[in-house]
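Notes follow once the structure below has been shown.
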Amino acid sequence: MAIVNQNFLNLSGRYLFSEITSKVNAFQKQNPEADIIRMGIGDVSRPLVPKVIEAMHQATQECSCSATFRGYGPEHGYSFLRQAICSSDYKSRGIDIDESEVFISDGAKSDTGNIGDILSCDNLIGITDPVYPVYIDTNMMTGRKIQYIICTPENGFTGDIPSNKLDVVYLCYPNNPTGAVITREKLQKWVDYALANDCLLLFDGAYEAFIRDESIPRSVYEIPEAKRCAIEFRSFSKTAGFTGIRCGYTVVPRELSAAAKDGSRVFLNGLWERRQSCKFNGASYISQRAAEAVYSPEGQAQITADIDAYLDTAKIIRAAMLEMGLNPTGGDNSPYIWSRTPNGMPSWEFFDYLLEKAGVVMTPGAGFGQAGEGWFRLTAFQQKDRTIEAMNRIIKYIK
Ligand SMILES: *Cc1c(COP(=O)(O)O)cnc(C)c1O
């Protein structure tokens, strides 16, 4: 008799964005004329930059002749990309990361979800609330205990340092969904906590490229000693529009260890290497050449222009929300703008209201956790003219 993983039966019925899609589709079916503007899902809208396209064409060409054809690549990524990451993302900021500490993958969703494979199911997991649902669902799938770290305007959406011992803590800054960033001082407090409690930090830096404020840390490793307590996840998805191409990476420092049952220490770099080489066969050669092109001078200029354009769109959203009398966070170093709903309306009720009245899709805060109830998220990834149109419509129904 095959028995299911009982933990799956404890998951909430559906992944948040499937729920939204089915609601929007149902509405569109009933109102075929409605011009719906999607300000909800965190997907980019700008096309890949020319330098990336050029690299992909070239890589495709290489695969067309036997002398340069590539089959299986190294499971943890080609050296050309890992080197580019070490020098451009780390060395340039004074952080020493060795190539052997970088693992290329098909994205940060897989890695943040899969990292649990190398960690005991008995760990007590700290997860900020509201949060990217992947951290919660993947831990629930293995039946781990979760302690929520409530993020509010009072703690700058960066959580209060827990008074008890957590074994693993997920942090994501710039944050999805709140758009909040973490200061160096606060990140230092989390690192201090982790080192003092033998706690592993899982730092998701998927939105690092949106940071414009020079005082905000771009990597957890900017904090001294963080290499002894943190794994960092990065992705080309939001940085360079790779949501459809798929490429990301994870840094597992050599000196990072965790306890075995007998109390001895085990290095996590070796465990992750073992896990990846068993269950993962590498991101495609074409994706990795595309990612490498992001680090060329032209590539950098091109993606920076795209992110600047998203940040301009974020400004439009913020300004409109202020005009509505809301008090939004985010949008200055992140593509997300987060706010309480008007008049304390429950999140899903406000979702239906905006969809039906204004034909605008937002993401209900409640979908990101209990602490998100009464909040909503708008994204700056929509095209600029559509965003202006959406905000004009919302203002009409909110004022
Ligand atoms: C979009 C996003 C990612 C990136 O996911 P990919 O699988 O690399 O596309 C990771 N973490 C968060 C919080 C995100 O919002």
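Model, not experiment: these values are computed from the prediction. All ligand and atom numbering here is 1-based and tracks the order in the structure. These values consider heavy atoms only, across backbone and side chains, with no hydrogens, waters or symmetry-generated copies.
- Checked against Phe280 for a side chain to side chain contact (heavy atoms under 4.5 Å, CB included), the options Asn114, Asp106, Asp111 give a single hit: Asp106.
- Contact annotation: Thr243 has no heavy atom less than 4.0 Å from any atom of ligand 1.
- The closest approach between a heavy atom of Phe236 and any atom of ligand 1 is not below 4.0 Å.
- Looking at Phe242 against ligand 1, nothing comes within 4.0 Å, counting heavy atoms.
- For atom 3 (C) of ligand 1, the choice among Lys238, Lys109, Arg246 with the nearest heavy atom turns out to be Lys238.
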Item to check | Evaluation steps, ring-ring contact (aromatic ring centres under 6.0 Å, His included), between Trp348 and Phe376 | outcome: CA-CA 9 Å; Trp348 279 106; Phe376 71 109; over 10 Å; no
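- Residues Asn333 and Phe210 fail the side-chain proximity criterion, which asks for heavy atoms closer than 4.5 Å.
- Regarding atom 9 (O) of ligand 1, its nearest protein heavy-atom neighbour is Ser237 OG, 2.6 Å.
- Using a 4.0 Å cutoff on heavy atoms, Cys172 counts as a contact of ligand 1.
- Cation-pi geometry between Arg70 and Tyr78 is met: under 6.0 angstrom from the ring centre, within 45 degrees of the axis.
- Geometrically, Arg377 engages Tyr336 in a cation-pi contact, judged by NZ or CZ lying under 6.0 Å from the ring centre and within 45° of the ring axis.
- For ligand 1, the polar-atom distance check finds an N/O of Ser235 within less than 3.5 Å of one of the ligand's N/O atoms.
- Annotation: atom 15 (O) of ligand 1 to nearest protein heavy atom, Tyr207 OH, 2.5 Å.
- Annotation: salt bridge (charged side-chain N to carboxylate O under 4.0 Å, His left out) contacts of Glu298 (sequence neighbours excluded): Lys51.
- Contacts of Tyr193 classified as side chain to side chain donor-acceptor pair (under 3.5 Å), with partners at least two apart in sequence or in another chain: none.
- Annotation: Ala108 places an N or O atom under 3.5 Å from an N or O atom of ligand 1; distance criterion only.
- Nearest protein neighbour of atom 11 (N) of ligand 1, counting heavy atoms only, is Asp204 OD2, 2.6 Å.
- Near Gly107, the atoms of ligand 1 lying under 4.0 angstrom from a non-hydrogen atom of the residue are 7 (O), 8 (O).
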